[in-house]
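Not measured: the values here are computed from a predicted model.
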Amino acid sequence: MKRETMNRWIIYLVGMLILTFGLYLNARCGLGASALLAVAYVGGQAWGVSFGDASLVVYILYVLGQFLVRGKNRQWRDLLQVPVGLAISQIFNLLDLILPYESFQNSLATRLMVLAGAILCNGIGATLSVNMRLVPTPGDGIVQALADVTGKEQGRMKNIFDVCSVTTAAVMSFVLLGRLEGVGVGTLAAMLLVGRVISIMNGLFREKLLRSAGLEHTMRRETV
């Protein structure tokens, strides 16, 4: 295996682990889960299953959604997102066992610090993993599929999909739980600030990351 290829996979895996930890912190900070997993959080609370298992169901639905929206142009490699979603969901379950954090037992200041850590991890992890151009998370995959089909810019489609996900989670929460759960200031903060962290990380490290992974050609193509 070439050194660049090895670097690419290492960066991708490290990024996915950091991103997974960030998503977990976002869900457990007590201030609202990330937009793409807010439905999973509410579903887990309503049906008495773990956040990890509920997330796997949502991830599988995201993959199925990609096949539906792409129609005849579906890409079979998108099925690789299923094992990625499975790995993320099982890490969530593992973290539940080794990090028995209960947000209601902690002060608002502690919750805000956990949220800040979640946003940083989400931004850093997304920067590392997405730039390697390997298998995206199912959440990123469904957004890309919708952007491709509708012709909308990916960032704009991400905003639209986030709003739809948060709205769905809020409705589910009131219907199934009789109160608002899984959606809060942490959800809004992640929607607004994770992108900023990614922009800063890309500005500082993207060129070095691409060079170390042998992906300079993508950088040159994007500047043409």
Side-chain angles (χ1 to χ4, degrees), residues 6-64 78-107 110-132 134-143 165 169 172-173 176-177 181-184 186-187 189-190 194 197-198 201:
M6 184 178 296
N7 287 343
R8 186 180 182 186
W9 277 101
I10 290 173
I11 293 170
Y12 171 78
L13 292 173
V14 169
M16 290 298 291
L17 287 173
I18 295 174
L19 175 60
T20 300
F21 187 59
L23 293 171
Y24 179 83
L25 290 180
N26 213 147
R28 292 306 187 206
C29 69
L31 298 171
S34 65
L36 291 176
L37 289 178
V39 169
Y41 184 91
V42 174
Q45 294 289 309
W47 292 305
V49 300
S50 70
F51 176 58
D53 291 345
S55 296
L56 178 58
V57 173
V58 170
Y59 279 148
I60 291 175
L61 291 176
Y62 284 162
V63 175
L64 292 176
D78 289 341
L79 288 175
L80 293 174
Q81 295 172 32
V82 174
V84 170
L86 176 62
I88 292 173
S89 67
Q90 294 312 302
I91 292 175
F92 287 159
N93 286 336
L94 177 62
L95 289 172
D96 270 339
L97 293 176
I98 64 178
L99 293 177
Y101 173 83
E102 296 291 348
S103 60
F104 65 86
Q105 296 178 351
N106 292 276
S107 66
T110 299
R111 297 182 192 184
L112 289 172
M113 285 190 290
V114 173
L115 174 61
I119 290 171
L120 285 174
C121 287
N122 286 339
I124 293 170
T127 302
L128 295 176
S129 59
V130 171
N131 276 320
M132 294 302 100
L134 292 169
V135 184
T137 66
D140 290 329
I142 184 62
V143 170
S165 297
M172 285 179 58
S173 181
L176 298 176
L177 299 172
E181 285 280 352
V183 176
T187 308
V194 170
V197 176
I198 293 173
M201 287 291 295

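- Contact of the L95 side chain with the I98 side chain is registered, since non-hydrogen atoms from C-beta on lie closer than 4.5 Å.
- Within the 4.5 Å cutoff, side-chain heavy atoms of M16 are placed close to those of Y12.
- L128 has its side chain out of reach of M132: every pair of non-hydrogen atoms, C-beta onward, lies at least 4.5 Å apart.
- Residues F21 and N26 have side chains not in contact (no heavy-atom distance under 4.5 Å, counting atoms from C-beta outward).
- At distances below 3.5 Å, not a single donor-acceptor pair connects side-chain atoms of Y24 with backbone N or O atoms of A118.
- From L31, atom CG reaches atom CG of L115 across 5.5 Å, with rounding to the nearest 0.5 Å.
- In this structure a side-chain-to-backbone donor-acceptor pair under 3.5 Å is present from T187 to A33.
- Side chain of N122 to backbone of L23: a donor-acceptor contact under 3.5 angstrom is found.
- For the pair D53 (side chain) and V49 (backbone), a donor-acceptor distance under 3.5 Å is absent.
- Proximity of a side-chain donor or acceptor of Y62 to a complementary backbone N or O of D140 within less than 3.5 Å is not detected.
- S34 OG to I119 CD1: the interatomic distance, rounded to the nearest 0.5 Å, is 11.0 Å.
- Within the 4.5 Å cutoff, side-chain heavy atoms of W47 are placed close to those of L176.
- You'll find the side chain of R28 reaches within 4.5 Å of the side chain of Y41, heavy atoms only.
- Contact check for L17 versus L13: no side-chain heavy atoms found under the 4.5 Å cut-off.
- Within the 3.5 Å criterion, the main-chain N or O of V42 finds no donor-acceptor partner in the side chain of S173.
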Apply the test side chain to side chain contact (heavy atoms under 4.5 Å, CB included) to residues W9 and L134: give CA-CA distance (whole Å), side-chain angles for both, the deciding distance (0.1 Å), then the verdict. CA-CA 8 Å; W9 277 101; L134 292 169; 3.9 Å; yes

Step-by-step side chain to side chain contact (heavy atoms under 4.5 Å, CB included) determination, Y59 to V82: CA-CA 7 Å; Y59 279 148; V82 174; over 6 Å; no

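- Residues T137 and Q81 have side chains not in contact (no heavy-atom distance under 4.5 Å, counting atoms from C-beta outward).
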